[in-house]
Amino acid sequence: MSRHLYHNTGLLSRFILRRDRVRIPVWLLAISLITVITSSAFTDLYSSDQDRQAIAETMKNPAMTAMIGPGYGLDNYTSGAMMAHQMLLFTAIAVAIMSILLVTRHTRADEEDGRIELIRSLPTGRLSNLSATILVLFAVNILLIILVGLGLYALGIESMDLEGSMIYGAALGATGMFFATVTALFAQLSENSKGTIGYSFTVLIIAYLIRAIGDVGNETLSWFSPLGWVLGSEVYVNNYWWPILLTVGASMIIAALSLYLNAIRDLESGFLPSRQGRKHASAFLQSPLGLALRLQRTGIIAWAIGMFLMGASYGSILGDLESFYKEIEMIMTPVEGFSLTEQFLTMLMSIMAMICTVPVLMFILKLRGEEKKNRTEHLLSRAVSRTRLLGSYFIIAMVGGFVMMLLSIIGLWSAGKAVMDEAISFGSMFNSAMVYLPAIWMMIAVAVWLIGFVPKLTGLAWLYLGYSFFVVYLGGVLQFPEWMSKFSPFGHIPKIPVEDMDYMKVAMLTLLFIVVTVVGFIGYKKRDIDG
Amino acid sequence: MTVLKIENLTKRFGKVMALDGVNIEVEKGEVYGFIGPNGAGKSTTIRVLLGILKATDGDVKIFGMDAWKDAVEIHKRIAYVPGDVNLWPNLTGGEVIDLFVKLRGGNNINKREELIRKFNLDPSKKCRTYSKGNRQKVALVAAFSSDADLYILDEPTSGLDPLMEMVFQECVMEAKREGKSIILSSHILSEVEKLCDKVGIIRQGKIIETGTLSELRHLTRTSLVVETKQPIPSLSEQLGVYEIEMKGTALTFQVDTEKMDTIISYISQFGVTRLESTPFTLEDLFMRFYGGEEQTSNAGVGGAS
């Protein structure tokens with residue numbers, strides 16, 4: 001019987017490892033290196049007990065608890081306690097994402113593309129592929145436990161002993177195993193890979209939210225979330241093993257369930273009914289703009305939430321910064337009339353503007369992706385002009401740029417308001433952020449120009465953004481010559497409110513944006529569409 | 001009335017000459033069959049017609065307007081079905097059909113429902129789940145439910161089953177009855193033979209033959225199977241006779257259609273007891289033009305890109 005079901009599982013496991021011989025090591029190294037590096041950075045930054053205790057004080061608010069989990073050992077905030085408090089949850093989420101993506105890739109995605117059919121036509125068992133995937137994922141997570149555990153222990157930090165470090169690693173690995181099996185389960189339930197990923201991420205988000213609500217209000221509630229379990233191990237403070245074992249045990253049960261479901265279902269079917277779609281297009285969809293919005297709907301919403309959260313997370317540290325800067329302002333005198341926090345904000349605005357440019361570029365370059373997939377020809381072979389088509393994507397990018405900036409400063413302002421003694425007014429933040437719009441526009445113009453003239457090289461827009469980030473963000477730290485930042489539109493924006501508004505510069509940049517955009521549109525009208 | 005006129009169309013991709021002096025003319029109410037091997041330039045020609053590619057040289061007029069400059073105006077009156085239909089995985093077939101019909105301008109709800117029923121398509125499914133044939137059906141329903149004057153069909157039946165091919169042929173004939181013009185690029189020669197009034201054969205970017213099927217007859221041969229009382233001497237010496245083979249007591253050979261009369265009178269001297277002739281097919285024509293020399297191995301549709 002078992003031979004019948006599991007034949008060649010070992011061979012398939014090796015095959016999975018072969019296919020992911022780059023992917024898996026990259027995930028493992030990235031997660032363990034970031035963990036180890038952050039830990040050693042924490043120790044350098046907050047070397048004395050007083051430093052750490054000061055931070056611990058700022059952590060005692062519901063906003064922080066909701067975001068990163070309950071602080072164990074806040075009264076004796078050792079390096080270990082701090083690491084577990086501030087890093088464990090987010091790293092665990094990263095591990096969960098790794099597991100979700102890897103499992104989907106080897107289960108439902110392969111099945112959907114008909115590759116499992118090929119495998120199943122060979123002498124392999126009915127459950128071999130799923131069990132091989134689960135085996136590989138368990139092995140990967142166990143390897144992660146060892147890498148992280150030994151890596152943290154090897155730093156030789158006093159409060160981070162071997163047992164604590166291993167539990168830290170185990171907390172990550174157990175989360176990975178749990179979400180690997182959850183994804184394996186949804187790969188049986190859902191009929192397609194998008195659904196599998198979607199449902200698994202939904203579980204992850206709900207787990208995070210339940211834990212957040214539970215940690216702030218009702219501790220029992222947190223125990224309904226697997227993320228609550230792993231945090232409940234109280235790493236480096238009490239070092240409980242049983243929550244880890246609970247998580248692994250739950251994974252085993254889910255794995256068994258998914259294997260059972262796999263055994264009783266037909267290939268390429270699912271248990272969740274695939275939702276019936278609309279038979280007719282809504283009035284909204286029936287235009288190039290509506291289509292472009294609809295195609296990017298999920299991306300737009302995800303980025304909007306992401307930008308708000310990014311603003312909020314920067315905002316949540318403004319309180320610490322304020323108290324930190326207050327201390328050093330005794331020694332260092334800030335620019336006349338402005339606090340150091342405000343000066344820091346101008347730096348922050350340029351970074352946020354550049355991060356907001358990422359979705360904006362994605363929105364406009366989507367057109368090129370559509371062209372490559374031969375789908376713009378559906379529109380252009382109908383009564384749609386090229387200007388109207390490019391214009392639709394252009395509008396989304398332009399409006400998107402404004403909305404992304406707006407959401408990030410709403411996040412920044414509302415979180416900042418909650419944690420700062422002297423909150424900065426929304427108007428002031430709005431102005432210093434929105435002055436970056438012409439720079440974002442300029443990036444759009446560059447993308448439009450590339451689409452119009454060298455569509456094969458639209459990737460250069462990303463390179464240009466990368467360059468901007470490099471010279472504007474790191475340029476100050478690394479003391480690059482001034483002219484280097486002048487090649488980036490972000491280097492020309494006045495740092496309001498510390499600097500005065502430079503209408504001339506901003507107007508010139510806007511003018512340049514208009515010219516380059518118009519030229520790009522003309523180029524798009526004149527060239528061949530390829531696909 | 002000429003609906004479509006291509007004169008001396010040249011298209012170059014860098015150094016590659018994709019089209020080299022193509023001439024095509026399609027009249028109102030005419031079905032023009034466009035055949036040729038993969039990579040010969042069928043799709044490239046069609047994409048120039050659609051204003052998606054810009055002609056390097058030559059004149060392309062549809063409804064008397066320039067295919068490149070007046071693309072939008074022209075597209076209000078044409079319907080296009082590509083050979084390889086890529087759709088958006090997260091939209092349903094019904095949504096895509098509505099979008100396509102709307103973008104063209106017209107709207108014909110009754111026809112849409114009728115075609116969906118005829119083609120047996122489930123419009124509530126996401127395009128991700130459609131097979132190649134079903135994606136093709138989406139494009140066909142969208143095209144035939146539009147009230148176009150010119151239909152441009154680029155290998156529209158690749159992926160359809162024989163039943164659906166019949167439905168497609170009905171759609172084409174109906175459009176023809178309504179006086180619409182159709183340009184049909186296809187590999188299915190029986191389909192072209194059945195539907196088309198005129199045929200153009202393209203090879204390596206050049207139209208090598210064009211005309212009605214009967215006009216092309218002079219290019220073809222007829223296969224004959226003959227049994228005679230007496231042996232036929234020196235058949236191989238007759239002009240226009242090829243591939244003579246003895247099969248049992250029967251003799252099989254091919255005759256240039258033009259030379260048919262002479263050959264029949266010649267063999268009748270020897271007491272014909274059996275005579276079978278296989279009529280000329282487009283397939284023979286096609287094979288004669290492409291068979292043997294330089295077959296492109298480029299499989300699938302849409303070779304030019």
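Throughout, protein chains are lettered first and strands after them, A, B, ... in sequence-line order, and every chain is numbered starting at 1.
The existence of a salt bridge linking B:Glu95 and A:Arg294 is confirmed by a sub-4.0 Å separation between a basic side-chain nitrogen and an acidic carboxylate oxygen. Between A:Lys279 and B:Asp122 there is no salt bridge, since no side-chain nitrogen of the basic residue lies less than 4.0 Å from a carboxylate oxygen of the acidic one.
B:Lys176 NZ: more than 12 foreign heavy atoms inside a 6.0 Å radius. Within 6.0 Å of atom NZ in B:Lys206, 12 or fewer heavy atoms from other residues, nucleotides or ligands are found, so the atom counts as exposed in its surroundings. Residue A:Glu117 places its CD atom among 12 or fewer non-hydrogen atoms of other residues, nucleotides or ligands, all under 6.0 Å distant. For B:Arg12, the CZ atom counts as loosely surrounded, since its 6.0 Å shell holds 12 or fewer non-hydrogen atoms of other residues, nucleotides or ligands. Shown here is B:Lys118, whose NZ atom has more than 12 heavy atoms of other residues, nucleotides or ligands within 6.0 Å.
Residue A:Ser287 holds its OG atom at 7.5 Å from CG of B:Leu103, rounded to the nearest 0.5 Å. Here NZ of B:Lys54 is found 12.5 Å from CD1 of A:Ile529. Values are rounded to the nearest 0.5 Å. The structure places CG of A:Asp530 at 11.0 Å from CD1 of B:Ile52, a figure rounded to the nearest 0.5 Å. Separation of atoms CG (B:Asp154) and CD (A:Glu377) is listed at 8.5 Å; rounding is to 0.5 Å.
Ranked by non-hydrogen atom pairs under 4.5 Å with chain A, the options B:Val85, B:Ile116, B:Asn90, B:Ile74 are led by B:Asn90. Taking chain B as the reference chain and counting heavy-atom pairs below 4.5 Å, the highest number among A:His280, A:Arg527, A:Glu370 is found for A:His280. Ranking B:Leu91, B:Ile97, B:Ile78 against chain A, the residue ahead of the rest is B:Leu91, based on heavy-atom pairs under 4.5 Å.
Only the side chain of A:Glu112 comes within contact range of chain B, with heavy atoms under 4.5 Å apart. For chain B, no part of A:Thr376 is nearby; none of its heavy atoms comes within less than 4.5 Å. Neither the backbone nor the side chain of A:Arg297 comes within less than 4.5 Å of any heavy atom in chain B. Heavy-atom distances place the side chain of B:Arg128, and not its backbone, under 4.5 Å from chain A. Proximity to chain B involves both the backbone and the side chain of A:Leu285, based on heavy atoms less than 4.5 angstrom apart. At a 4.5 Å heavy-atom cutoff, the contact between B:Lys11 and chain A is made by side-chain atoms alone. In this structure, the portion of A:Lys194 lying under 4.5 Å from any heavy atom of chain B is its side chain and not its backbone.
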(request) Could you check A:Val384 against B:Val72 for side-chain contact (heavy atoms from CB on, under 4.5 Å), going step by step and ending with a plain yes or no? (result) CA-CA 6 Å; A:Val384 175; B:Val72 174; over 6 Å; no
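Closest of all the heavy-atom pairs between B:Asp98 and A:Gln286 is CB-NE2, 3.9 Å. Considering every non-hydrogen atom in both B:Leu50 and A:Ser381, the closest pair reads CD2-CB, 3.9 Å.
A heavy-atom distance below 4.5 Å is found between the side chains of A:His378 and B:Leu87. Contact annotation: the side chain of B:Trp88 never approaches that of A:Lys373 to less than 4.5 Å [non-hydrogen atoms, C-beta and beyond]. Proximity of A:Arg278 to B:Ser124: side-chain heavy atoms (C-beta onward) are nowhere separated by under 4.5 Å.
Judged by a 6.0 Å distance limit and a 45° cone about the ring axis, A:Arg382 is not positioned over the six-membered ring of B:Tyr80.
Within the 3.5 Å criterion, the main-chain N or O of B:Leu53 finds no donor-acceptor partner in the side chain of A:Asp528.
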